[in-house]
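The structure appears below as structure tokens.
The analysis underlying the following values was restricted to heavy atoms, covering all of them including side chains, and did not include hydrogens, waters or symmetry mates.
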Amino acid sequence: MKTLEFSVTINAPKEKVWHTMLAPDSYKVWTEPFMPGSYYEGSWDKGTKIKFLGPEKSGMIAEIAESKPYEFISIRHLGFIQDGVEDTESEAVKAWAPALENYTFTEQNGVTKVKVEMQVTADFEKDMVAAWPKALEKLKELCE
């Protein structure tokens with residue numbers, strides 16, 4: 001697997017950026033470049049399960065590996081969800097899971113840098129390289 005890195009600088013305190021990134025309503029807006037209608041079910045608390053879904057109730061299942069409010073969050077992706085059915089055991093899933101997706105928030109003088117590090121297979125690299133900059137720009141717009 002390859003680790004991709006993306007970042008954005010936002011003219012807002014890290015607390016505002018954190019809440020905007022993770023709140024259900026604003027999450028739907030900034031994640032639109034990945035899939036219109038994206039949402040999540042679950043919690044951002046360490047050790048909890050979380051589902052990242054699209055309009056067809058398909059997507060990914062994960063757990064929050066680490067959560068340090070306003071500083072760092074780590075998502076451990078565990079599998080796919082297709083038509084509401086979780087798959088954490090297939091060969092397709094075992095080819096990439098558990099993949100990590102980490103968000104780091106650092107603030108200096110009221111300006112927050114969000115750094116995203118994500119492990120991907122070659123199959124998803126092109127899509128992620130195309131979507132993340134657009135998503136982070138939407139997050140920036142929401143926060144500023």
Side-chain angles (χ1 to χ4, degrees), residues 1-82 84 86-89 92-144:
M1 269 201 290
K2 184 175 186 177
T3 300
L4 302 178
E5 188 175 309
F6 307 93
S7 65
V8 65
T9 302
I10 300 172
N11 292 311
K14 64 183 179 179
E15 292 84 1
K16 180 176 183 178
V17 176
W18 173 277
H19 288 295
T20 303
M21 191 172 201
L22 305 182
D25 289 342
S26 48
Y27 177 89
K28 291 175 184 178
V29 175
W30 75 263
T31 58
E32 214 170 77
F34 299 103
M35 176 185 293
S38 293
Y39 66 100
Y40 68 85
E41 292 179 353
S43 163
W44 295 98
D45 297 326
K46 182 179 178 175
T48 62
K49 297 278 193 229
I50 189 166
K51 296 177 182 179
F52 299 99
L53 302 164
E56 304 297 317
K57 291 205 173 223
S58 294
M60 302 176 80
I61 185 160
E63 70 180 343
I64 303 303
E66 186 61 68
S67 183
K68 296 178 182 175
Y70 316 122
E71 293 179 22
F72 181 75
I73 195 151
S74 180
I75 304 163
R76 183 180 298 119
H77 293 284
L78 303 174
F80 295 119
I81 302 169
Q82 187 65 42
E86 296 177 16
D87 171 11
T88 58
E89 299 296 323
V93 168
K94 290 178 181 178
W96 62 269
L100 293 177
E101 183 174 335
N102 298 324
Y103 307 152
T104 303
F105 302 78
T106 53
E107 180 185 344
Q108 187 170 16
N109 300 322
V111 177
T112 301
K113 179 180 179 185
V114 179
K115 181 173 78 169
V116 178
E117 296 170 289
M118 123 175 266
Q119 296 175 322
V120 296
T121 59
D123 302 356
F124 290 102
E125 182 176 359
K126 184 178 178 182
D127 291 339
M128 294 299 107
V129 167
W132 267 110
K134 293 174 188 171
L136 290 174
E137 190 57 37
K138 280 187 175 262
L139 178 63
K140 180 179 176 82
E141 290 170 13
L142 288 170
C143 292
E144 294 181 351

Within this structure, what is the [atom1]-[atom2] distance for the pair [X] and [Y], rounded to the nearest 0.5 Å?
X    : Y    : atom1 : atom2 : value
T9   : E107 : OG1   : CD    : 12.0 Å
L142 : E137 : CG    : CD    : 10.5 Å
K115 : L136 : NZ    : CG    : 13.0 Å
T31  : Y39  : OG1   : OH    : 11.5 Å
C143 : K138 : SG    : NZ    : 13.5 Å
T112 : M21  : OG1   : CE    : 11.5 Å

Can you find a pair of side-chain heavy atoms, one from [X] and one from [Y], that are under 4.5 Å apart?
X    : Y    : answer
W44  : I75  : yes
M118 : T3   : no
I64  : I50  : yes
H77  : E101 : yes
E63  : L78  : yes
K68  : K46  : no
S38  : F52  : no
V116 : W132 : yes

**OP:** Could you check N102 against S74 for side chain to side chain donor-acceptor pair (under 3.5 Å), going step by step and ending with a plain yes or no?
**Re:** CA-CA 4 Å; N102 298 324; S74 180; 2.5 Å; yes

Mark yes when over 12 heavy atoms from residues, nucleotides or ligands other than [X] sit less than 6.0 Å from its [atom1]; otherwise mark no.
X   : atom1 : result
M35 : CE    : no
E5  : CD    : yes
E56 : CD    : no

Original post:
Using 30° and 60° as the class limits, which term best fits the ring planes of F124 and W96: parallel, tilted or perpendicular?
Top reply: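 Plane angle over 60°, so perpendicular.
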
Original post:
Which one of H19, E15, K14 satisfies the side chain to side chain donor-acceptor pair (under 3.5 Å) criterion with Y70?
Top reply: H19

For residues [X] and [Y], report the shortest heavy-atom separation together with the two atoms involved.
X   : Y    : answer
L4  : M128 : CD1-CB, 3.9 Å
S67 : I73  : OG-CD1, 3.9 Å
P33 : V29  : CD-O, 4.4 Å
Y40 : A23  : OH-C, 3.9 Å

Original post:
With a 6.0 Å cut-off on ring centres, are F72 and F105 close enough?
Top reply: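 No, the ring of F72 stays outside the 6.0 Å limit from the ring of F105, centre to centre.
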
Original post:
For S43, does its backbone N or O pair with a side-chain atom of T48 as donor and acceptor, under 3.5 Å?
Top reply: yes

Original post:
Any donor-acceptor pair under 3.5 Å linking the side chain of D127 with the backbone of V129?
Top reply: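 Side chain of D127 to backbone of V129, a donor-acceptor pair under 3.5 Å: no, none is there.
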
Subject >> Steps toward side chain to side chain contact (heavy atoms under 4.5 Å, CB included) verdict (L53, E41) >> reply: CA-CA 8 Å; L53 302 164; E41 292 179 353; 3.7 Å; yes

Original post:
What's the verdict on side chain to side chain contact (heavy atoms under 4.5 Å, CB included) for D87 and I81, showing C-alpha distance, side-chain angles and the deciding distance?
Top reply: CA-CA 6 Å; D87 171 11; I81 302 169; over 6 Å; no

**OP:** Would you please test E144 and K140 for salt bridge (charged side-chain N to carboxylate O under 4.0 Å, His left out) and show each step?
**Re:** CA-CA 6 Å; E144 294 181 351; K140 180 179 176 82; 3.1 Å; yes

Subject >> Candidate pair Y103 and W18, rule ring pair (Phe, Tyr, Trp, His ring centres under 6.0 Å), full reasoning >> reply: CA-CA 10 Å; Y103 307 152; W18 173 277; 8.8 Å; no

Subject >> From K57, K51, K49, residue fulfilling salt bridge (charged side-chain N to carboxylate O under 4.0 Å, His left out) relative to E86 >> reply: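 It is K51, the one option of K57, K51, K49 that forms the salt bridge (charged side-chain N to carboxylate O under 4.0 Å, His left out) with E86.
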
Original post:
Could you go step by step and tell me if T104 and V114 meet the side chain to side chain contact (heavy atoms under 4.5 Å, CB included) rule?
Top reply: CA-CA 6 Å; T104 303; V114 179; over 6 Å; no

